[in-house]
Each structure stands twice: as structure tokens, then as C-alpha cells.
Number of protein chains: 2
Amino acid sequence: MRVDARRNREHLLTTARAVIAEQGPEASLNEIARQAGVGPGTLYRHFPTRQALLAAVFQDRVETLCARADDLLTHTSPDEALDLWSRDVLAHALTDGGMSTSMTRDPAEPGFDCHAAMRSAATGLLSRAQREGRTRRDVDVEDFFQLVTGVALAASELPGGLERADHLLAVTLAGLRDRDRGGTAGWRSGADG
Amino acid sequence: MRVDARRNREHLLTTARAVIAEQGPEASLNEIARQAGVGPGTLYRHFPTRQALLAAVFQDRVETLCARADDLLTHTSPDEALDLWSRDVLAHALTDGGMSTSMTRDPAEPGFDCHAAMRSAATGLLSRAQREGRTRRDVDVEDFFQLVTGVALAASELPGGLERADHLLAVTLAGLRDRDRGGTAGWRSGADG
DNA sequence: ACCTGAACACCGTTCAAGT
DNA sequence: ACCTGAACACCGTTCAAGT
């Protein structure tokens, strides 16, 4: 890669980060290019699609979340780890709006695949919570992501911010817990139907 | 209202219904006007904002859902009524994509206020389920709507359709149920913490 | 009183022409 | 090999001019 190309790419990313931070993930690509001082064609050369740009912009945050998942995996109990990580994901999704779509949408980006990374991190936490915790076994990683991003999407459309979103997430996570498991004292199977 | 104005309004609505049905709620307003055979200014005169147009387009479906709520209110048990209605709302939201946003967003439209209508229908079902059923008392109507539309928004971004969405909704509704209530046999308070 | 449609400032995207 | 930026076909929205 030529040196000026590399420099352009870098500068585009920095600019995109700033513009997206204040205008959201639907920010105009032309404007990002303009603020970066390059032609629109240059932006398209480096990031052929908006998703590609968003993936690059959010890469480090996704990596942070993945590291956090690893940490929780070894230091926290199965169900609690899943809960805590969900809250982290939600917080990030609310802060930089586009991340939820970056996580949900599938196109494997050349270079860095946000979705694959998140999916892998989530799989570890979820399957452990299902194996050793009290988490329902009839939800897969896709389900789990959709539930969390669903809360994020809905909450980002209305005021109330993280506080409200946290409450909604708590309800959702309660639904994720299996009522037919983990019973020790005085619990009888079949009480629910 | 002049007779040609009324005719134009009618024709715009019919066209909008068709175009939105096949292109989704983000369909071009100019194109709707074009297909209706009027200038864009005429569309804006009748429907000053996209939300206003969507509200008019979805009015009858909202009214159907409200009637259904009334029906469930008098013919079905509190918790089941809430579940069934949620599924109806979800199905409608998935079919005509924009309805979820029409429901969530607040601007009181002159003429017909989708959000107010839905909110009123939901309040009846939810408060009854909280009073006489086993539904958590720490969620309000706004929370309830955000959860349902959240599932709809997330599910509409990925394939899988109503079947998948239904599964996600089931998880969410499970979270809506209060574990500390409705117990008759062998249940001890405080078992969960 | 209502409709009209040209016009404006934007958008995403492409591609011949440059260096 | 990479950048450039004019150009294209669109978008939402407005508003003077018509009837």
C-alpha cells in the first residue's frame, strides 16, 4: 500500500469517527470525505460500503467488548457474566448508534468482521450459561443478539437513555432465565403448566 | 375541502398504500406523488410530514388492532390476552414495516393519532394483566411498547420472518411475567434472592 | 382555495482523466 | 497504483406562479 494511500485511509477513519460520533451512523459519506479533505472516490476506494467503514470505525470498541467477554468468562459466574456483558453491549450500542447494525448484519468484511467477533464472544458466554447456569437452552446466539440489539434499537428511538434501556434489558434478561432449572429448595416441576 | 382536493387526498393514500407495501415505509415521497399523478407540493399540502402520511396509511390497521384489544379484554384471561395481543402487534409490525415507528414516535397527528390509539388499547390490557394477572408491575405502557417494537425492529433486519420473531417475543413475554406472583403450591418467597 | 412543477440543496455512487 | 472531482440520477422540500 502506497504511503499516501495509507495516510488517507488513516485520516478518513479519524474523521469518520468524529463525524459519526456527532451525527450518528447515517452521516453523509460525502461530508466525511469533504471534512477529510479527499474526494468521495477516495473514500469509496478504501471503504467500498458504508458497513465497511462502520466496521473499521467500531473495530476497537468491538475488540474491547470481546476482551471483556473473555474476562467475564474466567472471573464471573455463568449467568451473571451473561447479564453483565449484555449491559456492556447495550451501553456501547446506545453510545455509538450504528454498532447494533454492525453487529447484526452479516456481510463478512475483509479485514475485520465485527459480527463474527461479537458472535464468537457471545457464544462462549451464552453456551456456558446454558450448560452451567440457569439460562434457557432454546435460544441461540442469533436470538440473543437480536434481543439485545432490539432493546438498543427501540431505546435509541425514544428519550430516556441508558437508564430506560437498562430497565428494558432487565426484563428481557429475566425472560432468558429458565424457570425449570436451578431449583434447590421446595420447587416442584410442572407448576407452570 | 374542495372536491378535487378530497379526490387527490384519496388517490394519494391509495397510491401510498401500494408503494409502501412493496418498498417499505422509507419509500420515496416524490415517487408516491409521481405515481399518484400529482406534484410533490400536493402531497406535502395533504401530508406535511412522512409520519402524517404513514399514520393515515396505517389508520385502519391500527383501528383493527384496537378493536382486537377490546375483544380480548372481555373474552380472554388477563395474561393470555396480553400475550395474544402482543403477537398481533408484532405480526402487523413485521408486515408493514413502518407501523412500529408510527406507534413508537409521539407527534400527535392532526386527524388520527396512531400512537395515542395504540397506547390506550395497550394500557387497558397491560393494567388488567398487572392487576389481576401475573404480569410485572414495574413496566409501563411505554416499556411494553418498546419491548414489542424492539423485537419487531430487530427481527425485521434479519431473515427468519414471523416464526423467528415469535420465538423472540416468547422470551420477552416470559420476562414480563412476575416470578413472585400467582404461586399456589409449594412456592416459597425469597427463593430467587 | 388549491394545485402545479420548476428549482434548490442535498444525497450516494461512478468513472474518465490525471499524477 | 492511487487520487481526483466533475457528473449522474436521485432524494426531500419549498414556493412563485397559475387556475
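Convention: sequence-line order gives letters A, B, ...; per-chain numbering from 1.
- Rounded to whole Å, atom P of C:dT13 lies 12 Å from atom CG of A:L53.
- By the 30° and 60° cut-offs, the orientation of the rings of B:W85 relative to B:F144 is parallel.
- Comment: B:E142 does not engage A:R164 in a salt bridge, judged by the lack of any side-chain N to carboxylate O separation of less than 4.0 angstrom.
- OP1 or OP2 of D:dC3 lies within a sub-4.0 Å distance of a side-chain N or O belonging to A:N8.
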Audit row: B:F47, B:L54, side chain to side chain contact (heavy atoms under 4.5 Å, CB included) steps and yes/no: CA-CA 9 Å; B:F47 307 102; B:L54 289 177; over 6 Å; no
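- Residue B:H11 contributes atom NE2, which lies 17 Å from atom C1' of C:dT4 at whole-angstrom precision.
- Atom OH in A:Y44 sits about 5 Å away from atom C1' in C:dT13, given to the nearest Å.
- In this structure, B:F47 atom CZ and D:dT13 atom P are separated by 15 Å, rounded to whole Å.
- Rounded to an integer number of Å, the gap from CD of B:E26 to C1' of D:dG12 is 13 Å.
- Backbone-only engagement by A:S28 is indicated by non-hydrogen atom pairs under 4.0 Å involving sugar-phosphate atoms exclusively.
- When the nearest nucleotides of DNA chain D are assigned to A:R45 and A:N30 by heavy-atom distance, the more 5′-ward of the two goes with A:R45.
- Residue B:H46 places none of its side-chain N or O atoms closer than 4.0 Å to OP1 or OP2 of C:dC2.
- Regarding contacts with the backbone of D:dC10, every side-chain N or O of B:R34 stays at 4.0 angstrom or more from both OP1 and OP2.
- A:T135 and A:D178 form no side-chain donor-acceptor contact under 3.5 Å, judged by distance and modelled atom types alone.
- Comparing C:dT13, D:dC3, D:dT13 by their closest approach to the side chain of A:L29 singles out C:dT13.
- Spacing between atom CD of A:Q23 and atom P of C:dC10 amounts to 12 Å, rounded to whole angstrom units.
- Contacts of B:R7 with the nucleic acid, taken as non-hydrogen atoms under 4.0 Å apart, are absent.
- Of the nucleotides present, C:dG12 is the one that pairs with D:dC8 by Watson-Crick or G-U wobble criteria, both distances under 3.5 Å.
- For the pair A:R87/A:L173, a side-chain contact is recorded, criterion being any heavy-atom separation below 4.5 Å from C-beta on.
- The nearest whole Å value for the distance from the CG atom in B:L43 to the P atom in D:dT14 is 12 Å.
- Rounded to whole Å, atom C1' of D:dT13 lies 15 Å from atom CD1 of B:I32.
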